[in-house]
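Okay, so here's the structure we're looking at.
Below, chains carry the letters A, B, ... as their sequence lines are ordered, and counting in each starts from 1.
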2 protein chains.
Amino acid sequence: MMISITEENYLKAVFSATHLSEGRVGNQIIAEKLTVNPASVTEMLRKLQDKKLIEYTRTDGAKLTKEGLKAALKVIRKHRLWETFLVIHLNFKWDEVHEVAEQLEHIQSDKLLDELAAFLGNPGFDPHGDPIPDKNGKMQNMKCKILSDAAIGQKVKVVKVNDNAASFLKYLDKQGIALADKIIVKEIQDFDQSVLVELKGKKEVYLSAAAAKKIMVE
Amino acid sequence: MMISITEENYLKAVFSATHLSEGRVGNQIIAEKLTVNPASVTEMLRKLQDKKLIEYTRTDGAKLTKEGLKAALKVIRKHRLWETFLVIHLNFKWDEVHEVAEQLEHIQSDKLLDELAAFLGNPGFDPHGDPIPDKNGKMQNMKCKILSDAAIGQKVKVVKVNDNAASFLKYLDKQGIALADKIIVKEIQDFDQSVLVELKGKKEVYLSAAAAKKIMVE
DNA sequence: AATATAATTTAGGTTACCCAAATTATATTA
DNA sequence: TAATATAATTTGGGTAACCTAAATTATATT
Ligand SMILES: [Mn+2]
Ligand SMILES: [Mn+2]
Ligand SMILES: [Mn+2]
Ligand SMILES: [Mn+2]
């Protein structure tokens with residue numbers, strides 16, 4: 001069965017909206033994610049249902065079928081492998097990879113996918129700490145929590161960021177925070193939930209509550 | 001100015017049909033190259049003329065403008081760099097790369113293009129011996145000729161193939177002929193122009209006239 | 001010059017995508 | 001329960017890239 005680029009993007013959107021909540025998504029959320037008109041979403045969700053890639057009812061919204069999930073995970077696997085390639089081998093910064101990966105994830109070639117994964121050493125995580133699904137769609141699950149939930153005095157390791165926007169990633173660069181860094185939670189301010197952390201080299205920085213919610217640690 | 005994937009493919013077709021003859025192409029040739037209806041070609045060539053990417057008249061056919069040539073060469077550069085990457089780093093055979101490169105050549109990212117070229121060491125030729133345009137569109141020109149035109153007794157080096165079809169490339173693999181191989185022309189049969197060549201290891205094989213015309217040597 | 005052949009264009013569709021605005025269904029709230 | 005807000009669907013329309021068949025225009029051949 002042939003899945004178009006647009007269809008792949010819709011499947012990804014359904015996945016990312018449902019994989020945490022285990023529920024269903026409405027048209028609006030998807031329309032927003034894809035910056036597309038809700039009418040277009042209705043049209044496309046119907047088509048994806050005809051293709052048995054999602055289940056869809058007007059009232060409950062959409063969720064992926066087994067087939068649809070497989071397809072979505074394959075696209076995500078490609079996306080994250082390409083991001084990894086760009087950072088490790090082509091001197092891209094972690095805030096520069098997403099746009100290009102959005103294009104590369106739609107290249108169709110099983111051999112390319114397998115060889116790329118092998119070339120990279122079958123990595124488990126991408127440059128943002130997101131798990132890379134394996135050939136069967138399995139992802140390593142990490143028992144991490146948001147930095148805001150860490151106890152004061154705890155020494156934690158940064159393992160993932162929840163926001164891949166270039167602006168946020170550059171902000172972390174400027175603060176001197178990178179994936180795999182070990183940091184110590186010194187204080188959490190009562191009045192604004194901002195977090196004071198100690199980085200390597202004893203450097204201390206304040207992170208806003210919003211920023212601290214986007215940093216995952218273990 | 002935005003150039004769609006389809007438009008890029010038309011520009012490539014115009015290029016490959018004109019760059020040798022220095023002339024112009026008619027609708028029919030392009031229709032054939034792209035396996036598309038001549039009427040569709042008329043439509044698209046008009047559009048490309050509006051965009052100032054080609055010059056086009058009904059009687060003389062189409063040729064690229066300076067702008068159009070630049071765009072076409074950029075796509076070709078990407079195509080050949082990706083083919084090189086696939087062969088050198090991802091274990092692709094030279095008969096497996098073309099299809100995937102047809103997709104990869106449309107990825108839009110100047111940084112990706114620059115970094116990929118640098119990663120490969122700015123190669124001058126692709127796995128089929130085709131020259132790779134540099135950033136400014138300049139290609140190394142090679143003074144080579146078809147194997148059929150080599151003199152008997154001459155020792156020549158295989159530098160390029162004129163047919164990238166998987167069937168032909170696999171045939172060469174089977175015969176034991178690869179790029180950069182040195183071969184000796186032993187005989188050319190009068191009655192069918194077939195060529196007897198000596199490969200390394202003294203092995204001798206007959207190549208049909210058709211095959212010999214698709215092998216470039218120097 | 002007349003005619004035959006080849007190339008191109010016109011005319012009228014199709015499919016896959018998109019959007020704005022109007023309508024209808026479902027929740028909320030008063 | 002009725003009024004109102006929110007969500008989903010329908011209607012109507014648009015674009016890009018293709019298609020076929022028929023008409024037109026160029027180029028060759030007699
Ligand atoms: Mn990404
Ligand atoms: Mn990522
Ligand atoms: Mn190729
Ligand atoms: Mn090639």
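Using a distance-only test at 3.5 Å, with no hydrogens or angles considered, a donor-acceptor pair links the side chain of B/Lys51 to the main chain of B/Met2. A donor-acceptor pair is defined here as one N or O able to donate and one able to accept, closer than 3.5 Å; such a pair exists between the side chain of A/Lys78 and the backbone of A/Glu105. A/Thr18 places no side-chain N or O within donor-acceptor distance of the main-chain N or O of A/Lys63, the cut-off being under 3.5 Å.
One can place CD1 of B/Ile30 at 16 Å from C1' of D/dA17, the figure rounded to the nearest angstrom. Distance CE (B/Met44) to P (D/dT15): 16 Å, rounded to an integer number of Å.
Side-chain contact between A/Val159 and A/Phe125 is absent, with no heavy-atom pair separated by less than 4.5 Å. Between B/Gln49 and B/Ile54, some side-chain heavy-atom pair lies under the 4.5 Å cut-off. Between A/Ile215 and A/Leu172, the closest side-chain pair of non-hydrogen atoms falls below 4.5 Å. For the pair A/Lys135 and A/Asp114, the minimum side-chain heavy-atom distance is below 4.5 Å. Residues B/Met139 and B/Ile76 are not in side-chain contact: their nearest non-hydrogen atoms beyond the backbone lie 4.5 Å or more apart. Between A/Leu169 and A/Val161, the closest side-chain pair of non-hydrogen atoms falls below 4.5 Å. With a 4.5 Å cut-off on side-chain heavy atoms, A/Glu83 and A/His79 count as touching.
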Exercise. Given pairs defined as Watson-Crick or G-U wobble with both distances under 3.5 Å, what dot-bracket annotation applies to DNA chain D, with ( ) intrastrand, [ ] crossing, | other strand and . unpaired?
Worked result: ||||||||||||||||||||||||||||||
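Residue A/Val36 is classed as a sugar-phosphate contact, given heavy-atom separations below 4.0 Å to backbone atoms only. When heavy atoms are screened at a 4.0 angstrom cut-off, A/Thr6 is found touching the sugar-phosphate backbone but no base atom.
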Listing time: all N or O pairs from protein to nucleotides 10-12 of chain C that are below 3.5 Å?
| from | atom 1 | to | atom 2 | distance (Å) |
| --- | --- | --- | --- | --- |
| C/dT10 | OP2 | B/Arg46 | NH1 | 3.4 |
| C/dT10 | OP2 | B/Arg46 | NH2 | 2.6 |

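Side-chain N/O atoms of B/Ser40 include none lying less than 4.0 angstrom from OP1 or OP2 on D/dA17. Residue A/Asn27 has no polar side-chain atom (N or O) positioned under 4.0 Å from OP1 or OP2 of D/dA7.
Listed by residue number, B/Tyr10 are the residues of residues 7-20 of chain B with a heavy-atom contact under 4.0 Å to DNA chain D. Residues from residues 53-64 of chain B placing a heavy atom under 4.0 Å of any atom in DNA chain D, listed by number, are B/Arg58, B/Thr59.
B/Lys74 meets the salt bridge (charged side-chain N to carboxylate O under 4.0 Å, His left out) test with B/Asp110; sequence neighbours excluded. With sequence neighbours excluded, the residues forming a salt bridge (charged side-chain N to carboxylate O under 4.0 Å, His left out) with B/Glu115 are B/Lys111, listed by chain and number.
In the model, A/Tyr56 has a side-chain atom that pairs as donor or acceptor with a side-chain atom of A/Asn27 under 3.5 Å.
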